[in-house]
Every structure is written in C-alpha cells, then in structure tokens.
Q: 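Take this structure, written in structure tokens, and hold onto it; I'll ask about it next.
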Amino acid sequence: MSPDETNPEHQWPLPPAWMWACARCVTLYRTMRQVGEEIAELRLTGERGVDWDPFDSTLTTQMALGEHLAEHHADLLPGWDSDCSTCGDHQSRIVREKDPDHRRATAIRFGNEHLARHIYAPPGTVGFL
Ligand SMILES: [Zn+2]
Ligand SMILES: [Zn+2]
C-alpha cells in the first residue's frame with residue numbers, strides 16, 4: 001500500500017444521509033466510486049497502458065455528481081470553509097460579479113459545485129475544482 005492510500009487527505013468521506021434518499025445522487029455516487037475502484041485495482045495489478053491516475057479518471061463522474069448537487073440540493077450544501085482557499089476564491093468571485101443576469105448566477109453555481117466537493121471528494125482533492 002502506498003502512503004497515498006493511508007493518508008486521510010486521500011480518503012473518501014462518508015456522504016451525508018440525505019444523499020441516499022435521492023436516487024440520482026445514489027446512482028451518480030456509486031458510478032463515481034466504481035470508476036475510482038476499477039482504476040485503483042488496475043493500479044494495484046500494475047496494469048499500464050490505461051489512464052490509471054485516480055483523480056483524472058474519476059473527474060468526469062465527480063463533476064456529474066457536483067453539478068447534480070449544485071442544481072438540486074443547493075440548500076443542503078455546507079457553508080464556505082474558511083480554511084479552504086478555493087472557497088475564498090469562489091466567494092470573492094460571487095461578490096465581484098455584480099451583473100444580475102447569467103454571470104452572477106454562473107459564479108454562484110460554480111461556487112455550489114465546489115461546496116459539493118466538500119461532501120463527496122477526498123479532502124486532498126477538494127480544492128482542485
Ligand atoms: Zn440528488
Ligand atoms: Zn472549499
């Protein structure tokens with residue numbers, strides 16, 4: 001086992017109970033973890049020639065879950081984390097964006113997609129998006 005896998009920064013957090021009450025969340029979450037596990041297994045068996053970086057390979061499935069959480073569960077997402085610089089970036093972008101039309105709404109949605117990562121992504125990768 002590499003140091004990566006024992007580091008709590010790389011552990012998947014336990015998703016909150018309300019996610020299991022939403023069929024779409026469950027599907028998206030399981031898909032994300034399944035892709036991650038398949039990649040981890042390829043990595044353990046030393047299989048090469050495939051893209052086995054666990055972060056890159058699960059990114060698409062993570063983004064699908066994040067978009068769903070931002071769109072349907074925005075009221076259940078956690079607040080901004082003062083220890084997270086990406087939270088700070090999103091916050092200041094939303095404050096700067098005075099345009100009442102789409103741009104502000106887009107900044108808020110991206111912010112929510114990031115907040116969603118605090119729920120489902122390993123702590124070490126939360127700030128990547
Ligand atoms: Zn859901
Ligand atoms: Zn954050």
Side-chain angles (χ1 to χ4, degrees):
M1 201 182 260
S2 76
D4 265 1
E5 286 150 59
T6 52
N7 185 336
E9 289 286 293
H10 294 268
Q11 305 272 324
W12 296 92
L14 199 64
W18 55 260
M19 273 180 68
W20 304 116
C22 170
R24 188 78 187 132
C25 278
V26 172
T27 306
L28 290 168
Y29 186 82
R30 293 220 166 111
T31 305
M32 178 188 79
R33 292 301 307 272
Q34 201 179 339
V35 170
E37 271 157 31
E38 279 165 16
I39 299 298
E41 189 156 330
L42 288 174
R43 203 182 179 190
L44 286 174
T45 55
E47 197 87 32
R48 299 298 160 99
V50 287
D51 174 14
W52 51 274
D53 180 90
F55 183 70
D56 280 356
S57 309
T58 59
L59 195 53
T60 317
T61 58
Q62 291 184 28
M63 284 168 73
L65 178 60
E67 283 168 17
H68 167 78
L69 289 168
E71 195 179 338
H72 295 278
H73 306 290
D75 50 335
L76 292 168
L77 296 175
W80 302 112
D81 182 341
S82 54
D83 293 330
C84 170
S85 66
T86 310
C87 275
D89 292 346
H90 282 287
Q91 261 179 302
S92 46
R93 195 170 308 149
I94 291 166
V95 169
R96 265 200 321 272
E97 206 59 79
K98 299 270 188 261
D99 183 342
D101 301 332
H102 298 302
R103 289 178 53 185
R104 188 177 165 85
T106 304
I108 291 171
R109 186 163 51 83
F110 284 154
N112 283 340
E113 285 175 20
H114 167 71
L115 287 177
R117 295 185 61 72
H118 280 278
I119 295 176
Y120 69 78
T125 70
V126 164
F128 287 11
L129 287 173

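Computed from heavy atoms alone, side chains included, the values below leave out hydrogens, waters and symmetry copies. For ligands, and for the atoms within them, numbers begin at 1 and follow the listed sequence.
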Q: If you leave out waters, which protein N, O or S atoms are less than 2.8 Å from the Zn ion (ligand 2)?
A: C84 SG, C87 SG, H114 NE2, H118 NE2

Q: Below 2.8 Å, which protein N, O or S atoms neighbour the Zn ion (ligand 1), ignoring water?
A: C22 SG, C25 SG, H68 NE2, H73 NE2

Q: Would you say F110 ends up clustered with V126 if hydrophobic residues are merged whenever their side chains have heavy atoms under 4.5 Å apart, either directly or through other cluster members?
A: no

Q: Is any side-chain heavy atom of L76 closer than 4.5 Å to a side-chain heavy atom of P16?
A: no

Q: Taking atom CE of M19 and atom CG of L28, what is their separation to the nearest 0.5 Å?
A: 8.0 Å

Q: Can you confirm whether P78 sits close enough to I119 that some side-chain heavy atom of one is under 4.5 Å from a side-chain heavy atom of the other?
A: yes

Q: Between R33 and E37, does any side-chain N to carboxylate O distance fall below 4.0 Å?
A: yes

Q: Answer yes when E113 and R117 have at least one side-chain N-carboxylate O distance shorter than 4.0 Å, and no when they do not.
A: no

Q: Before we go on, tell me: are the rings of W12 and Y120 under 6.0 Å apart, centre to centre?
A: no

Q: If we ignore hydrogens and angles and just use 3.5 Å, is the side chain of T125 paired with the main-chain N or O of A121 as donor and acceptor?
A: no

Q: P15 and Y29: which non-hydrogen atoms are nearest, and at how many Å?
A: CG-CZ, 3.4 Å

